[in-house]
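Shown next, in structure tokens, is the structure this report addresses.
We name chains A, B, ... by the order of the sequence lines, and we start the count at 1 in each one.
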There are 2 protein chains.
Amino acid sequence: MATSRRKTAPGRAAPETGPAGTSAAGARGSPWRASGERARDRQIKREAVIRAAAHAFNHKGYHNTSLDDIAAALKVSKPTVYYYVSNKEQLLFECFVAGIEPIRSAFRKVRRLKASARVRLQAVLGHYGQAVASEFGWCMVRAEDQDLSPVMSAHIKSLKSEIDQGIRRLLREGVQDGSIHPCDPKMTAFALAGALNWIAHWYRENQSMTGAQIAAAFISVFENGLIPRVSAEATRRTGGAVAGRARR
Amino acid sequence: MATSRRKTAPGRAAPETGPAGTSAAGARGSPWRASGERARDRQIKREAVIRAAAHAFNHKGYHNTSLDDIAAALKVSKPTVYYYVSNKEQLLFECFVAGIEPIRSAFRKVRRLKASARVRLQAVLGHYGQAVASEFGWCMVRAEDQDLSPVMSAHIKSLKSEIDQGIRRLLREGVQDGSIHPCDPKMTAFALAGALNWIAHWYRENQSMTGAQIAAAFISVFENGLIPRVSAEATRRTGGAVAGRARR
DNA sequence: TAGGATAGCTACTCACCAGTATGATACAGC
DNA sequence: GCTGTATCATACTGGTGAGTAGCTATCCTA
């Protein structure tokens, strides 16, 4: 607790979150090429550290993973890990960001689509499910406020909220354009996200289904609902643009 | 790791799981009444310990809660806590059991019902949701294999699996009796349980909705599905016993 | 009223682990 | 070859927290 923030190494201002966009000087044969290569090397190694951390957190949990474990997995020593990230918390945060980024990008992509809200939601949920089933899914889903400093916690909360609000918006739009059955957007968003988030608890690689397949199966459940449909096929084929005045 | 199990106090053979069944001699005015009262006292205190642990785990997480914290909350010292439970892991396990028991009991109750499988499932899920939103919900849902010894882990897994299988069975029965839309029972059970489990992540007491209300809202989402229903009301009123031959 | 069980406390031990001080090596640029 | 910076290791510190040793007090039974 009490967030013992350190002075983040005086010299090189740590790259922090950003993907350190190839720090100028590309690799076009210039005399600086070597230094550019170094920077790229560093970035690659940094990502390896984050990936190793995600893997370890995934399998043993955040608290049961020591930085020595992560270092050992990379066959380096602990200070080497600290050379690439400033502390354990930041490591979790980076994993979180790596996990959530694909979802944010899915929202952006979908925004350009000219389909019914339900179809757009479907696309987003598909990416969501895949992200949760990815290596970073666990970190994304399980990054607990409890384990993080207030600053990190707030940052993560806002990112999560962004996703939540995006889903709610699609739901509202769907109810309006008649492609989604009238519902409470808040509760429905919680139910959808919850089901998908939970994948991180039981899914492990090498399972019989891929993340995409699971997401598809879940979406089918969400869309149809438990109550039998008199004519599921017919309703399906209308592509969502059905009469939206279902009840009163 | 490596489970540094200690030798579990030689003297008093810890009560372990059993509810310490009122050690003979009831409480019917006999000279042993006092001792019976003592046993009851002990049981009450033990339950208070478990409840305090659940509360602390709930708010701060398992790893961020020390037994000193729990002791402090009860205004006793740490060894006193150890007087009632043998270790921290067992504490988590007891919380888990307390959380999952209502769900098991819901299955038992429902078994006697003479309704369609969907209605029975609905009842189970209602209790499930309420259990997850209870004080023990967090412990039930978040008891991680990673944090427990292999024995505990196996025990918990089997209890969880029992619930999962129960839901799948109701789904299969529902598809057969026509009260549930044809679906993959495994994936559907994962989706349903996942959505409900996730409640433990966001729900806190003093929220605007009660556990029962949330469960009801979720069930409505599950039942209707996202695709609009041509005649939701009509389908609803049939109480589930609709023509089961929806699609081939 | 002695003796044993019950219930609780203070004050420890011991292991683990995040994070660091310090120094060694490799390599780039001069 | 010389100097500064990047990269990594060994070996430490300091704090935290699970679990315990051993003592005290109280209550029950004989």
Side-chain angles (χ1 to χ4, degrees), chain A residues 1-12 14 23 25 31-46 48-49 53 56 60 62-72 74-92 147 149, chain B residues 1-15 20 23 25 30-46 48-49 53 56 60 62-72 74-92 147 149:
Chain A
M1 287 276 152
T3 62
S4 56
R5 263 308 70 65
R6 269 65 176 197
K7 64 271 187 196
T8 58
R12 54 197 131 70
S23 63
W32 287 281
R33 204 195 146 213
S35 93
E37 232 166 49
R38 260 206 173 176
R40 205 168 57 240
D41 245 44
R42 185 186 167 84
Q43 186 57 22
I44 287 169
K45 289 184 184 172
R46 189 179 142 87
V49 169
K60 304 171 55 180
Y62 179 70
H63 288 283
N64 297 319
T65 300
S66 72
L67 285 193
D68 277 311
D69 291 338
I70 296 170
L74 292 163
K75 295 196 220 300
V76 296
S77 67
K78 185 163 54 171
T80 301
V81 173
Y82 275 95
Y83 182 67
Y84 291 99
V85 304
S86 59
N87 55 39
K88 193 180 177 184
E89 184 182 63
Q90 198 207 346
L91 210 40
L92 178 59
D147 302 330
S149 70
Chain B
M1 280 274 140
T3 61
S4 58
R5 263 313 66 65
R6 271 68 176 198
K7 65 266 191 198
T8 60
R12 52 194 133 72
S23 62
S30 81
W32 288 281
R33 204 197 145 213
S35 97
E37 232 166 50
R38 258 204 173 177
R40 205 168 57 240
D41 244 45
R42 184 185 169 83
Q43 186 57 21
I44 287 169
K45 289 186 184 173
R46 189 178 143 86
V49 169
K60 302 173 53 180
Y62 179 70
H63 288 281
N64 297 319
T65 300
S66 73
L67 286 193
D68 277 310
D69 291 338
I70 296 170
L74 292 164
K75 295 195 220 300
V76 296
S77 67
K78 184 164 57 171
T80 301
V81 173
Y82 275 96
Y83 183 68
Y84 291 98
V85 305
S86 58
N87 53 38
K88 193 180 178 184
E89 183 182 64
Q90 198 207 345
L91 210 40
L92 179 58
D147 303 330
S149 70

With a 4.5 Å cut-off on side-chain heavy atoms, are [Y] and [X] touching?
X: Tyr62(A); Y: Lys88(A); result: yes
X: Val49(A); Y: Val76(A); result: no
X: Tyr84(A); Y: Gln43(A); result: no
X: Arg42(B); Y: Tyr83(B); result: yes

Steps toward side chain to side chain donor-acceptor pair (under 3.5 Å) verdict (Asp147(B), His63(A))
CA-CA 9 Å; Asp147(B) 303 330; His63(A) 288 283; over 6 Å; no

Just how far, in rounded Å, is [atom2] of [N] from [atom1] of [X]?
X: Asn87(B); N: dC14(C); atom1: CG; atom2: P; answer: 20 Å
X: Lys75(A); N: dA9(D); atom1: NZ; atom2: P; answer: 13 Å
X: Gln43(A); N: dT7(D); atom1: CD; atom2: P; answer: 12 Å
X: Tyr82(A); N: dT10(D); atom1: OH; atom2: C1'; answer: 16 Å
X: Leu91(A); N: dC17(C); atom1: CG; atom2: C1'; answer: 15 Å

When rounded to the nearest 0.5 angstrom, what is the spacing between CG in Asn87(B) and OG in Ser149(B)?
8.5 Å

Only pairs at least two apart or in different chains count here, so list each salt bridge (charged side-chain N to carboxylate O under 4.0 Å, His left out) that has a residue in residues 74-86 of chain B.
Asp68(B)-Lys78(B)

Protein-nucleotides 11-17 of chain D N/O pairs closer than 3.5 Å?
none

Could you pull out the protein-nucleic contacts involving nucleotides 4-7 of chain C (nitrogen or oxygen on both sides, under 3.5 Å)?
unit_1	atom_1	unit_2	atom_2	d
dT6(C)	O4'	Arg38(B)	NH1	3.0
dA7(C)	OP2	Arg42(B)	NH1	3.3
dA7(C)	OP2	Tyr83(B)	OH	2.9

What residues form a side-chain contact (heavy atoms from CB on, under 4.5 Å) with Thr65(B), not counting sequence neighbours?
Ala56(B), Phe57(B), Lys60(B), Asp69(B), Ile70(B)

